[in-house]
Chemist: 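Here's a structure for you.
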Amino acid sequence: MSDNCSRREFFANALKLAAVAAIPVGALKILEPGEAKAAIAKTGVRWGFVVDTYKCIGCGFCVKACKNENEVQYDAPVSRTWVERYVIKKDGEMLADTPNAARDGFTTSKIHGQAVPDSEISKAFFVPKLCNQCDNPPCAQVCPVGATYQAPDGVVLVDRTWCIGCGYCIMACPYGVRFFHPKYKVAEKCNFCYHRISKGMKTACVDACPTGARMIGNLKDPNDPVTKIVLNERVGVLKDEYGTKPQVFYLGLDKNVR
Amino acid sequence: MVETAASAIHGAEWTIKELFVYPNEFIYWSIQIVMYPLMTGLVAGAFVLSSLYHVFKQDDLKDIAKFSLIFSFALLFAAPMPLMFHLQQPQRGIQVFFTPHFTSAISAFGIVFFTYYIIVACEIWFVYREYVVKQIKALEGKDGFGNSLLRAIYRVFSLGVHDISEQALHRDHKAVTILAGIGIPVACFLHGYAGFIFGSVKANALWMTPLMPVIFIMSAIVSGIALCILTYIIIMEWQKHRAKSSRKAWGMSAEELGGAEVDVIRKTSKYLVGFMIAAITLELLDLVFRGYTSLKSWDILRSVIYGKDFVNIFILQYTLGNLVPFLMLVLPGLSVRRTAIATMLVLLGVFMMRYNVVIGGQAFSLTFAGYMHYHLPIVPHSMDTYKEGLLGALTIAVMPFVLFYWINKALPTLKYK
C-alpha cells in the first residue's frame, strides 16, 4: 500500500473487497447454452395421471411396487400410494378402509372388524390414491425454506438435503399424501417416480398394475392416451373445492370418495 | 420387525386412529406446537403490559412495567425452543433465516422475531441505563469476585455511555416511549402471525378462519398479563415472607409491601378482564359462525367439539379457564389469593385453547370419516418421546423462569424506594 493512501480510502477499499468476497461463488456459475435455454424455456411436458376406478381390483400390487421402488420401509404404516375400499350400504351408510395402505390387498371382507352382509350392500369399489401433483400446490406454497418445489413439468418434488422437517407441508396437503420418511426424517411423498419418468419409463405402480387402472402421460401431448381420456371422457378430480387444481384424473369417481 | 418400522414413523407413537383415516395421517404437530403459540403469546402479552405504561402513560402499571419488560425478554429466548424441539432436522432450522421462501407464513419467522428481539433489547438498555451507570460507580473499588464480575457485565451493558445528566435521561425516556410504541404492533404481529400460520391452512377445517390471528393476539395478551400478575404475586409474597422473618425487604415492612401489592394487582387485573372479554367474544363468534354456516366439515367438527373434545373445550377451557376466573376477578373485594388462583385458571384456559386448536385440529381425519386420538408421551423411551412428550413441554415451560432469575440478578425488576 502506497503512502498516499489515506485512511478514508483504505476503509472504502476494504469495504469494496468485503462486498465482492461476500458474493457466493455458486452465484457466479456459468450455464451451458443448453442449460440456460432449459432454465428459461417452458417445457413441452406436463405430467398427468389417470386412474380408472372401474378397473381397480384392490390387489395392492401398486403399493408393494411403490414401496420397493422408493425405499419406503415395507412394514411402515405409511406409503406414497395406497388403495381405498368403499362399501356403500343400501341405507346410504358409507364404510371405507385401507388396511396397511392395502399393501397386501384386501384379505377380508370385514371393514374395521365389522362384517357387512352382501344383501345390505348397494355398491362397492376401490379407489387408488397418490399425489395429485397439483397445479397450485399448497405444500410448495407453505414450505418455509423452499425444499418442496414444483418442477417445470408439473411434478412437485422434495429436496431431502434441504427439508427442515417442520411438517407444515404435511398439514397443508388436503389429500394426506405426505408423511415423514422413517429413515431420512424429512417430508416424503409420491413424485410420479421422477427418476423413472424422466428416463422414459413408466412409474412403478403403473407397471405393476395388472388391470391397467393406472396410467401416466404427458398432458401437453394431444396424442397421449392419458390426454385423450382427460379431454374426451368424463373425469373427476379429488377435493376440487380446495382450489389446488389436481392433475390426477379419475374415471368413475363416486360422490362418497373422500 | 413390524414394531420397529412403525415406531420409526413420526407421530405413530402417540396417535390412535379410529375408523377411516388416510394411511399417512398422524398427529404430526403435537405438544411442542401447543407450547410455541403459548410462549410467543406470553412474550407478546408481557410486552403489551409494559407498553401500556410506557406509551399510554397508564401510571397505575408503573411498578409492573419494568418487571413485565424483563419477563418478556426472558420468554423471548425460550419462545423458539419448542420449534427446535419439534423440527425433524433441527440443525437445519437456521435455513429459515438464510433461504426464506416468502410464500410460506413460517418464513417470516426470522425477520419478525429478530425485529422484535432488537426492539425489546434496546428498550431494556434505555430503561436500565441510569441504574447500570450508577451501579458501575457504586461497585467501583469493591472487593470480591461477584462484585467485579457484575461490574464488568454492567460496563459491557452500558456500551461506554456513562452520561446520566438530566438531559440524557430525558432522551432515554423519549427513546423508551418510541421503542415501546413500535413494539406494540410488532408484538401483535409476532403473535398474530403465529395465528396466521394456523388460520391459513386451508386443508384443516378447524384452523381455517381469518379470525385466527386476532383470536391469537387477544388470548396472547390475556395469557401474558395473567402470567405477569402471577409471577409478580409470587415474588411479592416471597419478599413479604422475608420481611416478616428477617428485618426488611427493599427497606419496607411486610405491611407496606402487602399494600403496594394489592394496589398493583387490582389495577392490572382490570386490563386482564378487558382483554378476556375480547378474546372470548371472538372465540364464540367463530364457533357460532361455523355452526350457522355448517359447511361440509361441520358434521365432523361438531362431533369433535361437542363430543370427543367436550371436556377439553367446554369444561377445561371455557368454564374453568374463562368463566370461573372472570367471575373471580370482577366480583368486589379482590384479594391477592383470589387473584393468584384466577390467573392460574386463566393460564390453564389459554393453554387449553392452544391445545384444543392444535391437537383438536388434528383430532379428525381429512376424510371427514375418521378420528385420531392423541396420547401425550409421559415416560420417554426415545428422543422423540422426550422432545414431544410431557418432559419436553416442561423443559420449555421452566426455561423462561430460569432465564428470568438470572437476568433479574443483574437487572432487578422490582425495587421499591
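Labels below follow one simple rule: chain letters A, B, ... track the order of the sequence lines, proteins then strands, and each chain is numbered from 1.
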Chemist: Which heavy atom in B:Lys202 sits nearest to a heavy atom in A:Pro138, and how many Å separate them?
Modeler: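 Reported closest heavy-atom pair: CE-CB, 4.0 Å.
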Chemist: With respect to chain A, which residue among B:Phe102, B:Tyr28, B:Trp207 yields the maximal number of heavy-atom pairs within a distance under 4.5 Å?
Modeler: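 It is B:Tyr28.
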Chemist: Please confirm whether the backbone N or O of A:Met171 pairs with a side-chain atom of B:Trp29, one donor and one acceptor, at under 3.5 Å?
Modeler: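 Flag not set: sc B:Trp29 to bb A:Met171 has no pair under 3.5 Å.
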Chemist: Does OH belonging to B:Tyr371 count more than 12 external heavy atoms closer than 6.0 Å?
Modeler: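 Check passes, neighbour count above 12.
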Chemist: Taking all non-hydrogen atoms of both residues into account, name the closest pair between A:Cys173 and B:Leu366 and its distance.
Modeler: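 Answer, listing the atom of A:Cys173 first, then B:Leu366: O-CD1, 3.5 Å.
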Chemist: For the CZ atom of B:Arg92 and the CH2 atom of A:Trp162, what is their distance to the nearest 0.5 Å?
Modeler: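 Answer for the CZ-CH2 pair, B:Arg92 versus A:Trp162, is 8.5 Å.
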Chemist: Flag yes if more than 12 heavy atoms outside B:Phe189 fall under 6.0 Å of its CZ atom; otherwise flag no.
Modeler: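 Open: at most 12 neighbouring heavy atoms sit under 6.0 Å from CZ of B:Phe189.
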Chemist: Is the backbone of A:Val78 close enough, under 3.5 Å, to the side chain of B:Asn24 for a donor and an acceptor to pair up by distance?
Modeler: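 No, B:Asn24 side chain to A:Val78 backbone: no donor-acceptor pair under 3.5 Å.
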Chemist: Between the side chain of B:His10 and the main-chain N/O of A:Pro182, is any donor-acceptor distance below 3.5 Å?
Modeler: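 Checked: no pair found.
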Chemist: So, B:Thr103 side chain and A:Gln141 main chain: donor-acceptor pair closer than 3.5 Å or not?
Modeler: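 Between the backbone of A:Gln141 and the side chain of B:Thr103 there is a qualifying donor-acceptor contact (under 3.5 Å).
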Chemist: Decide if atom NZ of A:Lys90 counts as having more than 12 heavy atoms of other residues, nucleotides or ligands within a radius under 6.0 Å.
Modeler: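 More than 12 heavy atoms, drawn from other residues, nucleotides or ligands, come within 6.0 Å of this atom.
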Chemist: Decide if atom CZ of B:Phe196 counts as having more than 12 heavy atoms of other residues, nucleotides or ligands within a radius under 6.0 Å.
Modeler: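 Check fails, neighbour count at 12 or below.
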Chemist: Quick check on B:Ser200 against chain A: is it the side chain, the backbone, both or neither that has a heavy atom closer than 4.5 Å?
Modeler: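 Just its side chain gets close to chain A.
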Chemist: Should the ring pair B:Tyr22 and A:Trp82 be called parallel, tilted or perpendicular, given that the plane angle runs from 0 to 90° and is split at 30 and 60?
Modeler: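 Tilted, since the angle between the ring planes falls between 30° and 60°.
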Chemist: If I measure from the heavy atoms of chain B, does A:Tyr175 come under 4.5 Å with its side chain, its backbone, both, or neither?
Modeler: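 The answer is the backbone of A:Tyr175.
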Chemist: For chain B, find which of A:Val177, A:Thr244, A:Thr161, A:Val186 contributes the most heavy-atom pairs closer than 4.5 angstrom.
Modeler: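 Max contact count across the listed options: A:Thr161.
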Chemist: Keeping the roles fixed (side chain from A:Tyr168, backbone from B:Ile197), state whether a donor-acceptor pair exists under 3.5 Å.
Modeler: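 Confirmed, A:Tyr168 side chain pairs with B:Ile197 backbone.
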Chemist: Heavy-atom distances under 4.5 Å only: say whether A:Ala187 touches chain B with side chain, backbone, both or neither.
Modeler: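 It is neither, since no heavy atom gets under 4.5 Å.
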Chemist: What part of B:Val96 lies closer than 4.5 angstrom to a heavy atom of chain A: side chain, backbone, both or neither?
Modeler: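 For B:Val96, heavy atoms of backbone and side chain both lie under 4.5 Å from chain A.
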Chemist: Counting only non-hydrogen atoms closer than 4.5 Å, does B:Leu83 touch chain A with its backbone (N, CA, C, O), its side chain (CB onward), both, or neither?
Modeler: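 Neither part.
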Chemist: With a 4.5 angstrom heavy-atom cut-off, could you sort out which part of A:Glu241 is near chain B: side chain, backbone, both or neither?
Modeler: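 Looking at A:Glu241, just its side chain touches chain B.
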Chemist: Please check: side-chain N/O of B:Gln95 versus main-chain N/O of A:Pro144, any donor-acceptor pairing under 3.5 Å?
Modeler: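 No.
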Chemist: Can you establish whether the number of heavy atoms outside B:Phe97 located under 6.0 Å from its atom CZ is more than 12?
Modeler: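 Yes.
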Chemist: I'd like to verify something: which residue of B:Ile33, B:Thr99, B:Val201 has the highest number of heavy-atom pairs under 4.5 Å with chain A?
Modeler: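 Of the options given, most contacts go to B:Thr99.
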Chemist: Decide yes or no for A:Val145 and B:Pro100: does some side-chain heavy atom of the first lie under 4.5 Å from some side-chain heavy atom of the second?
Modeler: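 Of all side-chain heavy-atom pairs linking B:Pro100 with A:Val145, none is under 4.5 Å.
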Chemist: Looking only at heavy atoms and a cut-off of under 4.5 Å, which of A:Ala140, A:Gly165, A:Cys163, A:Ala147 has the most pairs with chain B?
Modeler: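 Highest number of pairs under 4.5 Å: A:Gly165.
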Chemist: Which residue out of B:Glu25, B:Lys296, B:Gln362, B:His101 racks up the most heavy-atom pairs below 4.5 Å with chain A?
Modeler: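 Greatest number of close heavy-atom pairs with chain A: B:His101.
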Chemist: What distance separates B:Met84 CE from A:Ile164 CD1, expressed to the nearest 0.5 Å?
Modeler: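 Atom-to-atom, B:Met84:CE and A:Ile164:CD1 are 9.0 Å apart.
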Chemist: Quick check: closest heavy atoms across B:Ser104 and A:Cys143, and the distance to 0.1 Å?
Modeler: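 In terms of heavy atoms, the two residues are closest at CB-O, 3.3 Å.
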Chemist: Are the side chains of A:Phe179 and B:Pro23 in touch, meaning some heavy atoms are under 4.5 Å apart?
Modeler: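 With C-beta onward as the side chain, the pair stays apart.
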Chemist: For A:Glu84, is it the side chain, the backbone, both, or neither that has a heavy atom closer than 4.5 Å to a heavy atom of chain B?
Modeler: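 Only the side chain of A:Glu84 comes within 4.5 Å of chain B.
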Chemist: Give, as side chain, backbone, both or neither, the part of A:Lys183 having an atom under 4.5 angstrom from any heavy atom of chain B.
Modeler: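 Contact with chain B is absent: no heavy atom of A:Lys183 under 4.5 Å.
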Chemist: Looking only at heavy atoms, what is the nearest atom pair of B:Ala203 and A:Tyr242, with distance?
Modeler: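 That would be CA-CE2, 3.9 Å.
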Chemist: When the ring centroid of A:Tyr86 is compared with that of B:Phe20, is the distance short of 6.0 Å?
Modeler: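 A:Tyr86 vs B:Phe20: aromatic centres under 6.0 Å.
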Chemist: Say whether, by atom type as modelled, one donor and one acceptor occur between the side chain of A:Lys185 and the main chain of B:Gln88 under 3.5 angstrom.
Modeler: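 Flag not set: sc A:Lys185 to bb B:Gln88 has no pair under 3.5 Å.
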Chemist: Between A:Ile111, A:Ile170, A:Asn100, A:Leu95, which shows the greatest number of heavy-atom pairs under 4.5 Å with chain B?
Modeler: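 Between A:Ile111, A:Ile170, A:Asn100, A:Leu95, the count favours A:Ile170.
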